[in-house]
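Computed over heavy atoms, backbone and side chain alike; hydrogens, waters and symmetry mates excluded.
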Amino acid sequence: MKERVFTILLVYNTPYERLKDIVNSILHQTHPIDKLLIWDNASKNKIEEFLLEEGILNNEKIIYHKSQQNYGAGGGFNKAISYLEKNFL
């Protein structure tokens with residue numbers, strides 16, 4: 001059975017260019033990933049719009065989810081893990 005690699009990127013009001021650099025870095029690791037979940041922890045800026053404009057969400061490996069509330073770092077990661085387990089595992 002092939003090992004599957006899922007990566008979670010928890011964001012909250014992340015500056016756009018920094019977000020773009022982080023996503024590009026994750027996608028160009030030496031060990032390829034199967035999915036990158038960008039979990040937006042209820043940002044006030046327009047992260048989804050930026051990702052769409054940049055074509056980042058056109059990548060089939062990338063999943064974007066915007067939470068309706070900010071769960072904090074630990075809570076956000078727990079919610080993201082549950083989302084992946086429910087939808088992809």
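- Side-chain contact between Asp40 and His65 is absent, with no heavy-atom pair separated by less than 4.5 Å.
- Residues passing the side chain to side chain contact (heavy atoms under 4.5 Å, CB included) test with Leu52 are Glu48, Leu57, sequence neighbours excluded.
- Transitive grouping of hydrophobic side chains (ILVMFWY, heavy atoms separated by less than 4.5 Å) keeps Ile8 and Ile26 in distinct clusters.
- Between the side chain of Asn70 and the backbone N or O of Ala42 there is no donor-acceptor pair closer than 3.5 Å.
- No chain of hydrophobic side-chain contacts below 4.5 Å, direct or via other Ile, Leu, Val, Met, Phe, Trp or Tyr residues, connects Ile38 to Leu84.
- Heavy atoms of other residues, nucleotides or ligands lying less than 6.0 angstrom from NZ of Lys46 number 12 at most.
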Run Ile22 and Leu9 through side-chain contact (heavy atoms from CB on, under 4.5 Å) and show every step you take.
CA-CA 9 Å; Ile22 294 167; Leu9 175 58; 3.7 Å; yes

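- Tyr64 places a side-chain heavy atom less than 4.5 Å from the side chain of Leu51.
- Each ring pair (Phe, Tyr, Trp, His ring centres under 6.0 Å) pair with one or both residues in residues 2-22, not counting sequence neighbours, appears once here: Tyr16-Phe50.
- The shortest side-chain heavy-atom distance between Glu3 and Val5 falls under the 4.5 Å cut-off.
- Residue Lys35 qualifies as enclosed at atom NZ: its count of foreign heavy atoms under 6.0 Å is above 12.
- For Glu60, the CD atom sits in a loose shell: 12 or fewer heavy atoms of surrounding residues, nucleotides or ligands are nearer than 6.0 Å.
- Across every non-hydrogen atom of Gly72 and Leu10, the tightest pair is O-CD2, 4.2 Å.
- Cluster annotation: Ile63 and Val23 are assigned to distinct hydrophobic clusters (Ile/Leu/Val/Met/Phe/Trp/Tyr, side-chain heavy-atom contacts under 4.5 Å, transitive).
- The distance from the CD1 atom of Ile62 to the CG atom of Leu36 is 5.0 Å, given to the nearest 0.5 Å.
- Of the inter-residue distances, the one linking His31 atom NE2 with Thr7 atom OG1 reads 9.0 Å to the nearest 0.5 angstrom.
- Of the inter-residue distances, the one linking Tyr71 atom OH with Phe77 atom CZ reads 15.5 Å to the nearest 0.5 angstrom.
- Under the 4.5 Å side-chain criterion, counting only non-hydrogen atoms from C-beta, Ile56 is not in contact with Asn24.
- Closest approach of Asn59 and Lys61 over heavy atoms only: OD1-N, 2.8 Å.
- Distance alone, capped at 3.5 Å, places no donor-acceptor pair between the Ser25 side chain and the Asp21 backbone.
- Among residues two or more places apart in sequence or in another chain, the side chain to side chain contact (heavy atoms under 4.5 Å, CB included) test is passed with Gln68 by none.
- Judged purely by atom type and a 3.5 angstrom limit, Lys79 has no side-chain atom pairing as donor or acceptor with the backbone of Trp39.
- Between the side chain of Ser67 and the backbone N or O of Gln69 there is at least one donor-acceptor pair closer than 3.5 Å.
- The structure places CG of Leu19 at 6.0 Å from CD1 of Ile47, a figure rounded to the nearest 0.5 Å.
- Residues Val11 and Asn41 form no side-chain contact, since every pair of their non-hydrogen atoms from C-beta on lies 4.5 Å or further apart.
- Note that CD1 of Ile33 and NE2 of His28 are 10.5 Å apart. Values are rounded to the nearest 0.5 Å.
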